Amino acid sequence: MYIMDQTNVVRTQWGPLLTLLILSPVISNVLFGAVKISTLFVLVLLIGTWGCAALLIRHAANKRGYFVIFILGMTLAIAEEILIQQTSVAPLIGVDPTTIYSRNWDVNWMYLIWAVGYESVWVVVIPIQLIELMYKEKRNVQWINSRGLVFVSIVFLIASFIAWYSWTQIFIPQYFPSSVFTPPLWQIVSAISIISILFYIAFKYRFNQNIKMTTTKPKSQIIKWASFLVCTSFCSLVLLAYGVLPNLNPLLPELGGIILVILSIILIQKWSRSSAWSDEDRLALITGAIYSNMLVGFGVFILSGIKYDSIDFIGKSILNVFAVVGLYLLSKRVKQNNRFSTHAEWDEIVLSNKPKDLRNP
């Protein structure tokens, strides 16, 4: 253990570091079902992309808070969706080209809205929050030193290139030639511009120390099920993107998804400022979101025609049960700790000019 503020001494925290590298793609892809048991080998590449990106984002956020992490997660999602794998701009795989839904100006708008929200939250924010609950004593320290940071950055760039090349240059042309697509210059320039703006916002953003701490927040169980309902509604956009309700005006769910994100940010910011906000509430928020993620994943399986007795369906079911049990055991451990842990505790370290001993956070 050590003091980390003016000394710049950072020791690699292998426990949370390795857990984040693995849990980021597991939560976002394996539990959801985007990566199936039959294609589990892809997890290695996702650790290099999603896992390394989540680690880099946590380090770059430098304890500025979860809103900043969310903004940086959006930059990752836009890079992924437009520049790397280009899923939101290429014609969606498996969609009937004669009944294209919510696609204009060579952009799959419904899918893009879902992907940016999903990847920024389930790839980045939720794994980081979950691991900081698992390793509470290391919540307020960096997990990687400068040398490791360079190594992880290189791995991320190499993995991203492999993901781009294998998906857009090999897999799509070979198996789905109708979905081959090269983003026009305006999309590339727009993506880079948006990423730059988001980076500017993220690193200029500061929490207001004068925000009044309130005592109004729902009970943990209400937070969990509210999170479940809101996240299920948002995650269902991916089902609509593939034309589940082709006669529905796409503007309605698209605007609804954006409004859900905005309202969620406002509510979470308000609740987390409460003096009664605890790790139990934080875990409730995470649990509801992961439950919804797994549930909507089953909807994708059914829509894709995956049989109930297949190894992929059975494997996803077993892994989802393990996730539910793991979250339950973590909740038991969190409840045993009666100390509250607020975002203000996080921000105090950054905003205070005085050195802070983090050996006993």
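In this text the structure is predicted, and so the values were computed from the model without any measurement.
Looking at Asn320 and Ser317, their side chains never bring a donor and an acceptor atom within 3.5 Å of each other.
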Run the side-chain contact (heavy atoms from CB on, under 4.5 Å) check on Ile223 and Trp271 step by step: do they pass?
CA-CA 10 Å; Ile223 291 175; Trp271 291 345; 4.2 Å; yes

Pair Trp277-Arg282, side-chain contact (heavy atoms from CB on, under 4.5 Å): steps then yes or no
CA-CA 8 Å; Trp277 181 261; Arg282 193 178 297 194; 4.1 Å; yes

Pair Leu76, Trp50 - check side-chain contact (heavy atoms from CB on, under 4.5 Å), show working.
CA-CA 9 Å; Leu76 171 66; Trp50 291 143; 3.6 Å; yes

Under the side-chain contact (heavy atoms from CB on, under 4.5 Å) criterion, do Leu319 and Met294 qualify, and how do the steps go?
CA-CA 10 Å; Leu319 290 175; Met294 296 188 295; over 6 Å; no

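Judged purely by atom type and a 3.5 angstrom limit, Glu81 uses its side chain to pair as donor or acceptor with the backbone of Ser88. With hydrogens and angles disregarded, a donor-acceptor distance shorter than 3.5 Å links the side chain of Ser227 to the backbone of Leu285. With hydrogens and angles disregarded, no donor-acceptor distance shorter than 3.5 Å links the side chain of Ser304 to the backbone of Ile306. Ser190 places no side-chain N or O within 3.5 Å of a backbone atom of Gln187 that could act as its donor or acceptor partner. Using a distance-only test at 3.5 Å, with no hydrogens or angles considered, no donor-acceptor pair links the side chain of Gln86 to the main chain of Thr182. No donor-acceptor pair closer than 3.5 Å links the side chain of Asn108 to the backbone N or O of Pro91.
Between Arg64 and Val68, the shortest heavy-atom distance links the atoms CB-CG2, 3.7 Å. Scanning all heavy atoms of the two residues, the minimum distance from Ile37 to Gly315 falls at CG1-CA, 3.6 Å. Counting all heavy atoms, side chain and backbone alike, Cys52 lies closest to Val155 at SG-CG1, 3.8 Å. Between Ala289 and Ser292, the closest heavy-atom pair is O-OG, 2.7 Å. Looking at every heavy atom in both residues, Phe234 comes nearest to Leu260 through N-CD1, 4.0 Å. Closest of all the heavy-atom pairs between Tyr101 and Pro253 is OH-CG, 4.3 Å.
Here ring pair (Phe, Tyr, Trp, His ring centres under 6.0 Å) pairs that include residues 120-142, with residues two or more places apart or in two chains, are Tyr118-Trp122. Screening residues 21-48 for side-chain hydrogen bond (donor to acceptor under 3.5 Å, both in side chains) gives Ser38-Asp312 as the qualifying pairs, with residues at least two apart or on separate chains. Within the structure, side-chain hydrogen bond (donor to acceptor under 3.5 Å, both in side chains) contacts touching residues 248-259 (residues at least two apart or in different chains) are Ser102-Glu254.
Annotation: Phe313 is in aromatic contact with Phe298 [ring centroid separation under 6.0 Å].
Looking at heavy atoms from C-beta onward, Ile265 lies out of side-chain contact with Tyr66 at the 4.5 angstrom threshold. Two residues are said to be in side-chain contact when any heavy atoms from C-beta on lie closer than 4.5 Å; Phe32 and Val300 meet this criterion. Looking only at side-chain heavy atoms (C-beta outward), Val30 and Leu46 stay at 4.5 Å or farther from each other. Inter-residue side-chain proximity for Ile286 and Leu133 is flagged as met; some heavy-atom pair is nearer than 4.5 Å. Proximity of Val89 to Asp106: side-chain heavy atoms (C-beta onward) are nowhere separated by under 4.5 Å. Residues Thr287 and Tyr291 are in side-chain contact: their nearest non-hydrogen atoms beyond the backbone lie under 4.5 Å apart. Leu72 is not listed as a side-chain neighbour of Leu198, based on a closest heavy-atom distance of 4.5 Å or more.
Within a 6.0 Å sphere centred on CH2 of Trp105, other residues, nucleotides and ligands contribute 12 heavy atoms or fewer.
Residues Val189 and Ile194 do not share a hydrophobic cluster, clusters being chains of Ile/Leu/Val/Met/Phe/Trp/Tyr side chains in contact below 4.5 Å. When hydrophobic clusters are built by joining Ile, Leu, Val, Met, Phe, Trp and Tyr residues whose side-chain heavy atoms come closer than 4.5 Å, directly or via intermediates, Ile222 is not grouped with Ile266. Placement of Trp114 and Leu251 in two distinct hydrophobic clusters is found when ILVMFWY residues are connected by side-chain heavy-atom separations under 4.5 Å, directly or transitively. Under the 4.5 Å side-chain heavy-atom criterion for ILVMFWY residues, a single connected hydrophobic cluster contains both Ile262 and Leu229. The hydrophobic clustering, which links ILVMFWY residues whose side-chain heavy atoms are closer than 4.5 Å, places Ile258 and Ile197 apart.
To the nearest 0.5 Å, atom OG1 of residue Thr168 and atom CD1 of residue Ile84 are 10.5 Å apart. The distance from the CG atom of Leu18 to the CD1 atom of Ile47 is 9.5 Å, given to the nearest 0.5 Å. Rounding to the nearest 0.5 Å gives a distance of 6.5 Å between CG of Leu327 and CG of Leu130. To the nearest 0.5 angstrom, Thr232 atom OG1 is 4.0 Å from Phe228 atom CZ. Taking OG from Ser310 and CZ from Phe301, the interatomic distance works out to 7.0 Å, rounded to the nearest 0.5 Å. Note that CH2 of Trp164 is 10.0 Å distant from CD1 of Ile170, once rounded to the nearest 0.5 Å.
Ring planes of Trp167 and Phe171: parallel class, angle under 30° (limits at 30 and 60°).
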